[in-house]
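The figures here come from the full heavy-atom set of this structure, side chains too, leaving out hydrogens, waters and symmetry mates. A note on names: the letters A, B, ... follow the listed sequences, proteins ahead of strands, and every chain is numbered from 1. Computed from a predicted model, the values in this text were never measured in an experiment.
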Number of protein chains: 2
Amino acid sequence: MVNHDQCMNLDPVFELIGKKWTGLIIHALLKESKRFSELHTTIPSLNARMLSERLKELEEKGIARRTVYPTTPVRIEYGLTEKGKALEPALLELSKWADDWIHE
Amino acid sequence: MVNHDQCMNLDPVFELIGKKWTGLIIHALLKESKRFSELHTTIPSLNARMLSERLKELEEKGIARRTVYPTTPVRIEYGLTEKGKALEPALLELSKWADDWIHE
DNA sequence: CAGTATCCTTCCGGATACTG
DNA sequence: CAGTATCCGGAAGGATACTG
């Protein structure tokens, strides 16, 4: 569809992680796996429907993983796959850039 | 509005560069300044209205700069500011991640 | 060449209410 | 707790035609 150009690989990246909240969710999961409600309180301004939708997308993209622990009551945790964890350096660079250049 | 949290600085970043085409445009300008039509042919699937809109946004954010050379005919070039150029490491990391993890 | 104007459809995402 | 269903307004963005 598009020419082979070495810069073209950036477009899919932003389609994967450019949506609202996605970066925040990934960042929150980088440190450790979290339950739905933990994510919910970590990012208070993000409502449940959005969170659910984003998590489902991240699962489909192979970035996040949903694990069910059959305890009583069940414990459901979201964590990152290798692919997801591999985003850390990039997010770190973005974060650094924000520190340097975004002053409110 | 939201709690002070060290991860919160990622949200504005994606608001700045998360929109469709933005990453591609910045990447294209990293190597060298380009004219409108050059950008247009570099990213063929991006139409003129979008390109114009994104460039205007990037200017407002202080990431790109529009320079008019009063030659005949006038030559208009778009380049990156220091702030824009500072995004290179982050884009590189994202690009690396794409190479490693996005196989069609 | 370097855009702008207009139209029009799809997608996004917030609020709210409900479920096992 | 961990979500899903539904509704709905507004923004995003593609196509096309036009301008100095």
Side-chain angles (χ1 to χ4, degrees), chain A residues 1-3 8 10-26 28-29 32-61 64-80, chain B residues 1-3 8 10-26 28-29 32-61 64-80:
Chain A
M1 186 195 308
V2 285
N3 296 335
M8 284 308 172
L10 274 178
D11 203 35
V13 173
F14 286 109
E15 270 170 38
L16 288 183
I17 65 166
K19 279 193 188 179
K20 208 172 177 183
W21 308 115
T22 308
L24 248 53
I25 294 172
I26 295 175
L29 293 178
E32 53 189 351
S33 293
K34 285 197 170 56
R35 309 176 65 175
F36 190 91
S37 58
E38 289 174 315
L39 280 169
H40 200 355
T41 55
T42 301
I43 315 173
S45 37
L46 164 60
N47 75 41
R49 196 184 64 81
M50 279 292 102
L51 178 52
S52 173
E53 199 173 299
R54 288 298 108 93
L55 285 171
K56 209 163 287 173
E57 288 166 6
L58 287 173
E59 253 193 284
E60 280 164 17
K61 312 296 165 94
R65 183 191 295 120
R66 182 181 191 267
T67 313
V68 181
Y69 297 97
T71 53
T72 328
V74 294
R75 180 179 181 84
I76 297 167
E77 287 203 342
Y78 292 91
L80 295 181
Chain B
M1 186 198 304
V2 287
N3 295 334
M8 285 307 170
L10 275 178
D11 205 32
V13 174
F14 286 109
E15 272 170 36
L16 289 184
I17 63 164
K19 280 195 185 176
K20 208 171 178 186
W21 308 113
T22 308
L24 249 52
I25 295 172
I26 295 175
L29 293 179
E32 52 189 352
S33 294
K34 285 198 171 56
R35 308 175 66 173
F36 190 90
S37 57
E38 289 174 315
L39 280 168
H40 200 355
T41 54
T42 301
I43 315 173
S45 39
L46 164 60
N47 75 43
R49 195 184 67 78
M50 278 294 101
L51 177 52
S52 171
E53 198 174 300
R54 284 302 107 92
L55 285 170
K56 210 164 283 173
E57 287 165 9
L58 287 172
E59 253 194 283
E60 278 164 18
K61 311 298 164 89
R65 181 189 297 120
R66 182 182 192 267
T67 314
V68 181
Y69 297 98
T71 53
T72 328
V74 293
R75 182 181 180 83
I76 297 166
E77 286 203 345
Y78 292 90
L80 295 181

Considering residues at least two apart in sequence or located in another chain, which fulfil the side chain to side chain contact (heavy atoms under 4.5 Å, CB included) criterion with B:Arg35? B:Ser37, B:Glu38, B:Arg75, B:Glu77

Go through it in stages, so that I can follow the logic: the residues are A:Phe14 and B:Thr22, the test is side-chain contact (heavy atoms from CB on, under 4.5 Å), and I'd like the CA-CA distance, side-chain angles, deciding distance and then a yes or no. CA-CA 9 Å; A:Phe14 286 109; B:Thr22 308; over 6 Å; no

Roughly how far, to the nearest 0.5 Å, is the CG atom of B:Leu58 from the OH atom of B:Tyr78? 10.5 Å

Identify the two heavy atoms, one from A:Leu46 and one from A:His40, that lie closest to each other, and give their separation to 0.1 Å. O-CE1, 3.2 Å

Taking only the side-chain nitrogens and oxygens of A:Lys19, find out if one of them lies under 4.0 Å from OP1 or OP2 of C:dG13. no

With the side chain counted from C-beta on, respond yes when B:Leu24 and B:Thr42 share a heavy-atom pair under 4.5 Å apart, and no when they do not. no

Mind checking salt bridge (Lys or Arg N to Asp or Glu O under 4.0 Å) for B:Glu60 and listing every partner two or more places apart, or none if nothing turns up? none

Considering only heavy atoms of chain A and a distance under 4.0 Å, specify the first and last nucleotide of DNA chain D in 5' to 3' order that meet this criterion. D:dC1 to D:dT6

Less than 4.5 Å apart, side chain to side chain, heavy atoms only: is that true for B:Ile43 and A:Asp11? no

Looking at residues 46-56 of chain B, who's got a heavy atom less than 4.0 Å off DNA chain C? B:Arg49, B:Ser52, B:Lys56

Once rounded to the nearest 0.5 Å, what's the spacing between atom CZ of A:Phe36 and atom OG1 of A:Thr41? 11.0 Å

Please report the closest heavy-atom contact between A:Ser33 and A:Gly79, naming both atoms and the distance. OG-CA, 3.4 Å

Secondary-structure stems, DNA chain C, at least 3 Watson-Crick or G-U base pairs under 3.5 Å: C:1-20 with D:1-20

Throw together a table of side-chain donor-acceptor distances under 3.5 angstrom for residues 49-57 of chain A, partners on residues two or more places apart or in other chains.
unit_1: A:Arg49; atom_1: NH1; unit_2: A:Glu53; atom_2: OE1; d: 2.8
unit_1: A:Arg54; atom_1: NE; unit_2: A:Glu57; atom_2: OE1; d: 3.1
unit_1: A:Arg54; atom_1: NH1; unit_2: A:Lys20; atom_2: O; d: 2.9
unit_1: A:Glu57; atom_1: OE2; unit_2: A:Lys19; atom_2: NZ; d: 3.2

